[in-house]
Amino acid sequence: MTEDEILLGLALTVVLATGSQILANKLRVPALIILLPVGFAAGAMTDVIHPDQLLGADFSDLVSLSVAVILYDAGLGLDLRKLAHHNRGIVGRLLVYGVLLTFLVVGAVGPAMFDMELRVAAMLGMILVVSGPTVVGPLLDFVRPNDKVRRILIWEGTLTDPIGGILGALTFHAVAASHKIDIGRGYQLGQFLLSMAVGLVGGVVGIALLWFTLRTLRLGETLGTLAQLAIVIGISAGCDIVRDDTGLIAAIVAGMAVANMRGFDMPARRPFFETLVQLIIGLLFISISSTVTPASVVPVLLPALALIAILVLVVRPLVAFGAAARTDLSRGERGFLGWMDPRGIVAASTASAFSAGLVERGVTGAAKILPVTFLVIVGTVLLYALTAAPVARRLGVVKAAGTRVLLVGGEPWVIELGRALRSAGLDVVMWAGLEEERGRIKETGLTLAEGDLLATAINPGARLEGVTAVFLATDDDDFNALASIVMQDNVDGPVYRVGPSHDGHGVVAPYTGGDVLFGGSLVRHALAERYRRGARFVVQPADAPLPPGHETLFVVRADQRLDPVTEREETVPRAGDTVVLLVGPAPTGP
């Protein structure tokens, strides 16, 4: 390829990866549904986007290092304290049963379905045991199942990737070295344990380096992120040099240690690192799918569809049934576990690397591994993306719709506002610092948050789960302003604050950004004054006649979603909505 073609190919890969993810976000579908067909089409229609031509033989090594970064990021989200003890057993059984049954079933049916040797079918079976957080996470974000089911599936998807990668490497070496695989030999077990040992040692080295850079040197967010990236790539490459595909173990061990060891205090959200991981995922899927040609897909299309049916309708339900037996999971939760097993980036990357290696060695049928894996990824992701939400609703495992509001403040008008929001059908939780204010909240029957809830919410290493909107309305404008900045990254939803006094001399309140509730006229002291003079909060249907002198504060949509009126945007009610109004005398002065 010429220099211009290489530049065009690299630029086109980045543009397609980013554009596909933006489109998927706007369509509210998992990014893989867009990335895979876009990469496939780009590879079929152009000659400049193929990674083999752009990067040559180094592409598989770059894929391995990229997946290590992805798994490290996934490991950062695996906080053992959030996984109940009995759920750990379910995750473990899902991993063991899933690996064994998928490997055995695909290995058994593969030779007849795809006209391939048994050893190639075994290689395909080991590749397809993996799932992955990069595809499970977005699907669950869209479906919004309950926390128990979500955590089990995220843990399973994250842990099965390195396990599948190691087992895939062992199978690859066995296939390449002989004409038959004897999985019963103690030699294979020894090789597996040796790979685990190398990965664990690499993980320990990575943990020590991360502790030194993040804790001893106390690097800031930018340098700290760069240090993490360098360490993960370094230990992953070092482990792979010592023993193939052990870098994945080292990466996820390091990530889990950072998430669970006291002292690291990693932020719940890491914008720069998350952006990098998002870009890597897009680039990998575009690049790998571009290597799949229409000529390689057509011969295996029908048998691949049959294999997808076997994996979805037979293998996964059996795995979930066995893993969830004699547990406290409800029937609906067990059913949803049995209907969620998409394949993702690790399956694609291992198929790309292992099939190429076997083709080079002249193994018959190895060229079919990548197109079959590609079709299984597309088929499972598309099937689960289209059906997971209705299945979850049918099984009763979807979180209740609507907004759960955390209302911070204890003044009388704030408590009355909480009662109004509750009467509009919202789930309202209140927090206040003074015992007198907390006592008034209890007397009204509103849910009072635990005393350390706000401290948890503003802890950079924590996330306030279940809360979808925060309203800061204490009598300290500076506190409201600072808390709105800190809490923004730790809540799955927007954070708002009441406006400060126009003539106040706060330290930070007049100068910070963020959404301010109710506009410039209804600042905190004006709300308190109007309430003291007799103004009250009124909840009524949006299409009912509005009382004179009213101010619209909130609109509760028909699906119980809460839209506040803010300084930046005036919320317009529609038929079927409910409005929360402030009705009563206007303030006497500014």
Side-chain angles (χ1 to χ4, degrees), residues 52 57 59-60 63-64 98-131 160 163-192 195 243-245 288-289 291-312 314-316 319 341 343 346-380:
D52 294 337
F59 176 61
S60 61
V63 168
S64 179
V99 168
L100 287 176
L101 196 57
T102 303
F103 173 71
L104 293 174
V105 169
V106 176
V109 304
M113 296 179 69
F114 301 103
D115 191 23
M116 59 175 53
E117 298 180 24
L118 175 60
R119 54 182 177 156
V120 178
M123 184 75 260
L124 177 63
M126 195 55 72
I127 289 172
L128 293 180
V129 303
V130 299
S131 176
T160 193
I163 293 173
I166 299 166
L167 294 176
L170 292 176
T171 307
F172 169 77
H173 293 312
V175 171
S178 67
H179 289 281
K180 111 178 141 170
I181 301 173
D182 184 0
I183 60 175
R185 290 180 179 177
Y187 171 79
Q188 298 293 337
L189 177 59
Q191 294 298 303
F192 173 75
S195 295
R243 189 163 184 82
D244 289 345
D245 292 294
I288 293 173
S289 57
T291 64
V292 181
T293 63
S296 66
V297 168
V298 172
V300 297
L301 178 58
L302 292 179
L305 293 176
L307 179 61
I308 293 171
I310 293 173
L311 292 174
V312 170
V314 179
V315 174
R316 182 60 183 185
V319 170
D341 192 26
R343 270 60 179 180
V346 175
S349 61
T350 53
S352 175
F354 295 150
S355 65
L358 294 179
V359 169
E360 290 177 359
R361 289 166 172 79
V363 178
T364 305
K368 297 180 180 179
I369 291 177
L370 183 57
V372 172
T373 304
F374 175 82
L375 290 172
V376 171
I377 293 173
V378 173
T380 55

Original post:
What distance do L375 atom CG and T380 atom OG1 have between them, rounded to the nearest 0.5 Å?
Top reply: 10.5 Å
Subject >> side-chain contact (heavy atoms from CB on, under 4.5 Å) partners for V315, two or more places apart >> reply: L101, T102, V105, I310, L311, V319
Subject >> Side chains of S195 and R243, donor plus acceptor under 3.5 Å >> reply: yes
Subject >> Residues which pass side-chain contact (heavy atoms from CB on, under 4.5 Å) with P111, listed by chain and number, not counting sequence neighbours >> reply: L118, A121
Original post:
At what distance, to the nearest 0.5 angstrom, does CG of L124 lie from CE of M116?
Top reply: 5.5 Å
**OP:** Keeping the roles fixed (side chain from R343, backbone from D341), state whether a donor-acceptor pair exists under 3.5 Å.
**Re:** yes
Subject >> Non-neighbouring partners of T293 that pass side-chain contact (heavy atoms from CB on, under 4.5 Å), sequence neighbours left out >> reply: A295, S296
Which atom pairs, one a donor and one an acceptor, fall under 3.5 Å between side chains of residues 366-374 and the rest of the protein, sequence neighbours left out?
residue: K368; atom: NZ; partner: F114; partner atom: O; Å: 2.6
residue: T373; atom: OG1; partner: I369; partner atom: O; Å: 2.8

Original post:
If you measure from CD1 on I377 to CD1 on I288, what distance do you get to the nearest 0.5 Å?
Top reply: 7.5 Å
